[in-house]
Amino acid sequence: MAKFRLNDDKELVAKIREGLKATGGYCPCRLQHTPENLCICKEFKEQLEDPDFHGSCHCGLYVKD
Ligand code: SF4
């Protein structure tokens, strides 16, 4: 899996982490509590595998440079 890091925006990171705590680990930016939406979600895992993808996950918690 490609390397990724936390977003530099500490406020955003804190907010998303609060959301993750509230949902029990499901993506706070998505309504469906399904296995593919458990953080790290399927979408971001696929983006990590994609050599052409650079940017943040849907919520912005993580960044792939
Ligand atoms: S990786 Fe990002 S978009 Fe995916 S579940 Fe975690 S916070 Fe949400």
Side-chain angles (χ1 to χ4, degrees):
M1 202 184 277
K3 277 196 194 155
F4 60 96
R5 60 177 174 83
L6 279 174
N7 198 317
D8 291 328
D9 185 339
K10 292 199 168 69
E11 260 178 51
L12 178 76
V13 168
K15 220 183 269 178
I16 304 292
R17 280 187 162 158
E18 257 174 50
L20 282 167
K21 218 187 268 178
T23 62
Y26 291 99
C27 186
C29 311
R30 295 186 169 99
L31 290 175
Q32 296 93 345
H33 290 181
T34 52
E36 59 262 35
N37 287 345
L38 268 173
C39 192
I40 295 165
C41 61
K42 184 168 176 268
E43 179 186 68
F44 192 53
K45 280 181 189 153
E46 286 170 2
Q47 289 168 331
L48 289 172
E49 296 300 332
D50 179 357
D52 293 326
F53 177 85
H54 303 281
S56 67
C57 68
H58 186 74
C59 294
L61 176 64
Y62 295 122
V63 176
K64 181 187 171 205
D65 293 309

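Counting starts at 1 for both ligands and their atoms, in listed order. Counting from 1, the numbers follow the sequence of the chain as shown. This is a predicted model, so every value here is computed, not measured.
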Atoms of protein origin (N, O or S) under 2.8 Å from atom 4 (Fe) of ligand 1: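 Near atom 4 (Fe) of ligand 1, the protein supplies Cys41 SG.
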Test: Cys57-Cys41 SG spacing under 2.5 Å: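 Their SG atoms do not fall under 2.5 Å; no disulfide, then.
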Is the shortest heavy-atom distance from the side chain of Leu6 to the side chain of Val63 under 4.5 Å?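 They are not in contact (no side-chain heavy atoms under 4.5 Å apart), so the answer is no.
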Report yes if some heavy atom in the side chain of Thr23 is under 4.5 Å from a heavy atom in the side chain of Asn37; otherwise report no.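 Thr23 vs Asn37: side chains apart.
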Specify whether Tyr62 and Phe4 have parallel, tilted or perpendicular ring planes, treating 30° as the upper limit for parallel and 60° as the lower limit for perpendicular.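 If you compare the ring of Tyr62 with that of Phe4, the planes turn out perpendicular.
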For the pair Phe44 and Phe53, name the ring-plane relationship: parallel under 30°, tilted 30 to 60°, perpendicular over 60°.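 Rings of Phe44 and Phe53: perpendicular, over 60°.
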Between Glu49 and Lys45, is there a salt bridge with N-O shorter than 4.0 Å?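 Judged by the 4.0 Å cut-off on N to carboxylate O distance, Lys45 and Glu49 do not form a salt bridge.
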